[in-house]
Amino acid sequence: MAMSQTKMAVAEADGVLESAVSTRNISKNYGEVEALRDLSLEFPRGQLTSLLGPSGCGKTTLLKIIAGLLEPTSGEVEVNGSKVTGPGPDRAFVFQDFALLPWASVIRNVSFGLEMRGVAKSEREAIAERYIREVGLAGFEHAYPHELSGGMRQRVGLARALSVDSQVLLMDEPFSAVDEQTRRKFQEDLLGLVQNENKTFIFVTHSIEEAVYVSDQIAILLPRPSRVSEIIRPSGFRNKGVDNIRRDPEYLDIVDEIWASLRTYVE
């Protein structure tokens with residue numbers, strides 16, 4: 001993939017960025033199907049990295065390996081210097097399909113992870129209330145999932161992931177099931193969370209525009225067996241405010257150049 005060096009900053013920074021998550025020579029086979037091959041990638045602490053590539057290129061597989069939900073065929077993952085051997089409290093997953101408890105209220109859903117950790121009810125509900133407010137659901141603490149819109153249910157899932165205070169948030173196309181207007185609002189809110197929460201976000205998306213809009217770093221994955229093709233670090237428009245990003249010439253150029261490179265892989 002050839003990217004214009006004058007139009008984007010590619011894997012450059014002042015000094016070496018500290019990694020919260022490292023994947024080293026990850027391979028994953030499903031029988032005779034080779035999904036990932038020797039994939040190595042660093043995820044900078046406190047930043048949002050998007051995994052972007054054509055359908056079936058292994059983005060969700062890699063995310064689940066980092067989460068400890070899948071075991072790699074070979075290679076290893078480290079989170080904060082410790083090898084991943086399964087799910088752990090240092091990582092939280094935001095699912096595409098919300099994955100809420102249908103019989104539980106919003107506050108019970110948001111506090112459920114804390115409940116499983118044995119946190120006292122008063123403490124976990126106070127924490128849950130904070131994140132319910134932060135994702136814009138104040139007043140819906142006692143509503144049930146069937147009473148909420150798809151966008152509101154996704155906000156509950158995000159609040160639940162934030163409430164357990166994991167340092168790494170894994171997000172598998174979390175905005176794909178909502179309408180375009182809600183999706184844009186989520187993207188703006190996500191930029192605020194990355195700035196304010198000091199957590200490391202790993203974000204799977206099929207949308208080039210979304211990846212360029214929300215990301216500090218974009219990892220372009222090739223079709224399987226998936227490898228990292230390019231690391232892109234959009235920079236020039238990151239501090240111009242959420243209302244100006246989509247109009248910025250650099251943003252538009254990066255979107256166009258990524259599409260020009262990926263279109264050959266689209267059937």
Side-chain angles (χ1 to χ4, degrees), residues 1 3 7-10 41 43-44 47-63 66 93-98 135-136 149-155 157-158 161-162 168-197 199-223 226 228-263 265-266:
M1 178 183 292
M3 293 287 181
K7 295 179 180 177
M8 61 181 64
V10 181
L41 187 58
F43 298 87
Q47 296 192 356
L48 188 148
T49 298
S50 285
L51 303 177
L52 179 67
S55 295
C57 73
K59 300 183 294 295
T60 296
T61 295
L62 179 59
L63 198 72
I66 295 170
F93 210 111
V94 180
F95 293 92
Q96 180 179 353
D97 60 356
F98 317 133
V135 301
S149 68
M152 294 169 77
R153 291 197 295 272
Q154 191 57 282
R155 289 179 184 275
L158 180 56
L162 290 166
V168 179
L169 268 69
L170 308 166
M171 309 180 76
D172 186 14
E173 293 195 78
F175 309 151
S176 63
V178 300
D179 61 75
E180 180 62 20
Q181 293 82 10
T182 302
R183 185 169 187 154
R184 286 197 172 207
K185 184 60 170 66
F186 276 163
Q187 292 166 0
E188 293 178 3
D189 292 346
L190 181 59
L191 289 176
L193 288 173
V194 174
Q195 182 176 3
N196 296 328
E197 286 294 320
K199 299 180 185 297
T200 302
F201 293 75
I202 304 177
F203 187 87
V204 166
T205 180
H206 280 96
S207 170
I208 298 171
E209 290 83 358
E210 181 169 73
V212 178
Y213 184 81
V214 303
S215 302
D216 299 294
Q217 172 175 279
I218 303 169
I220 308 292
L221 303 187
L222 293 175
S226 188
V228 177
S229 169
E230 192 84 17
I231 301 295
I232 302 165
R233 293 191 60 82
S235 60
F237 52 81
R238 304 309 302 172
N239 60 353
K240 294 184 179 180
V242 296
D243 294 332
N244 299 314
I245 291 176
R246 289 188 175 92
R247 294 190 295 268
D248 191 278
E250 183 187 0
Y251 167 84
L252 297 171
D253 285 350
I254 294 175
V255 169
D256 286 346
E257 292 190 38
I258 292 176
W259 168 238
S261 298
L262 288 177
R263 68 190 305 168
Y265 302 114
V266 178

Next on the checklist: Let's go through Glu180 and Arg184 carefully: what are the C-alpha distance in whole Å and the side-chain angles of both, what is the deciding distance for salt bridge (Lys or Arg N to Asp or Glu O under 4.0 Å) to 0.1 Å, and is it a yes or a no?
Outcome noted: CA-CA 6 Å; Glu180 180 62 20; Arg184 286 197 172 207; 3.3 Å; yes
Item to check | Heavy-atom check, side chain of Leu162 versus side chain of Leu169, under 4.5 Å | outcome: yes
Item to check | Within-4.5 Å side-chain heavy-atom neighbours: Ile232 and Ile220 | outcome: yes
Checklist entry - Can you name the closest pair of heavy atoms from Ser50 and Leu48 and give their distance? => result OG-CD2, 3.6 Å
Checklist entry - In Å, rounded to the nearest 0.5 Å, how long is the span from CD of Gln181 to CZ of Phe186? => result 12.5 Å
Checklist outcome for this item: So CD of Glu173 and OG of Ser207: to nearest 0.5 Å the spacing works out to 9.5 Å
Checklist entry - With a 4.5 Å limit on heavy-atom distance, are the side chains of Ile218 and Val212 in contact? => result yes
Next on the checklist: Using a 3.5 Å distance criterion without hydrogens, assess whether the side chain of Gln154 forms a donor-acceptor pair with backbone atoms of Pro174.
Outcome noted: yes
Checklist entry - When rounded to the nearest 0.5 angstrom, what distance separates CG in Leu170 from OG1 in Thr60? => result 11.0 Å
Checklist entry - If only atom types and distance count, is the side chain of Arg233 paired as donor or acceptor with the main-chain N or O of Gln217 below 3.5 Å? => result no
Checklist entry - Quick one: are Ile66 and Phe43 in side-chain contact, heavy atoms under 4.5 Å? => result yes
Next on the checklist: What's the separation between atom SG in Cys57 and atom CG in Leu51, rounded to the nearest 0.5 Å?
Outcome noted: 8.0 Å
Checklist entry - Under 3.5 Å, is there a donor-acceptor pair between the side chain of Ser149 and the main chain of Met152? => result yes
Checklist entry - Mind checking whether Leu190 and Met171 have side chains closer than 4.5 Å, heavy atoms only? => result yes
Next on the checklist: Working to the nearest 0.5 angstrom, can you tell me the gap between Gln187 CD and Thr182 OG1?
Outcome noted: 11.0 Å
Checklist entry - Going by the angle between their ring planes, with limits at 30° and 60°, are Tyr251 and Tyr213 parallel, tilted or perpendicular? => result perpendicular
Item to check | Donor-acceptor side-chain pairing of Glu210 and Thr205 below 3.5 angstrom | outcome: yes
Checklist entry - Salt-bridged, Lys59 to Asp172, with N to O below 4.0 Å? => result no
Item to check | Close side-chain approach of Thr49 and Asp216, heavy atoms under 4.5 Å | outcome: no
Next on the checklist: Can you tell me how far apart OG (Ser226) and CG (Leu62) are? Round to the nearest 0.5 Å.
Outcome noted: 7.5 Å
Checklist entry - With a 4.5 Å limit on heavy-atom distance, are the side chains of Lys199 and Leu193 in contact? => result no
Checklist entry - Which heavy atom of Ala219 sits nearest a heavy atom of Leu41, and at what distance? => result CB-CD2, 3.7 Å
Item to check | Contact check, side chains of Thr200 and Pro44, non-hydrogen atoms, under 4.5 Å | outcome: no
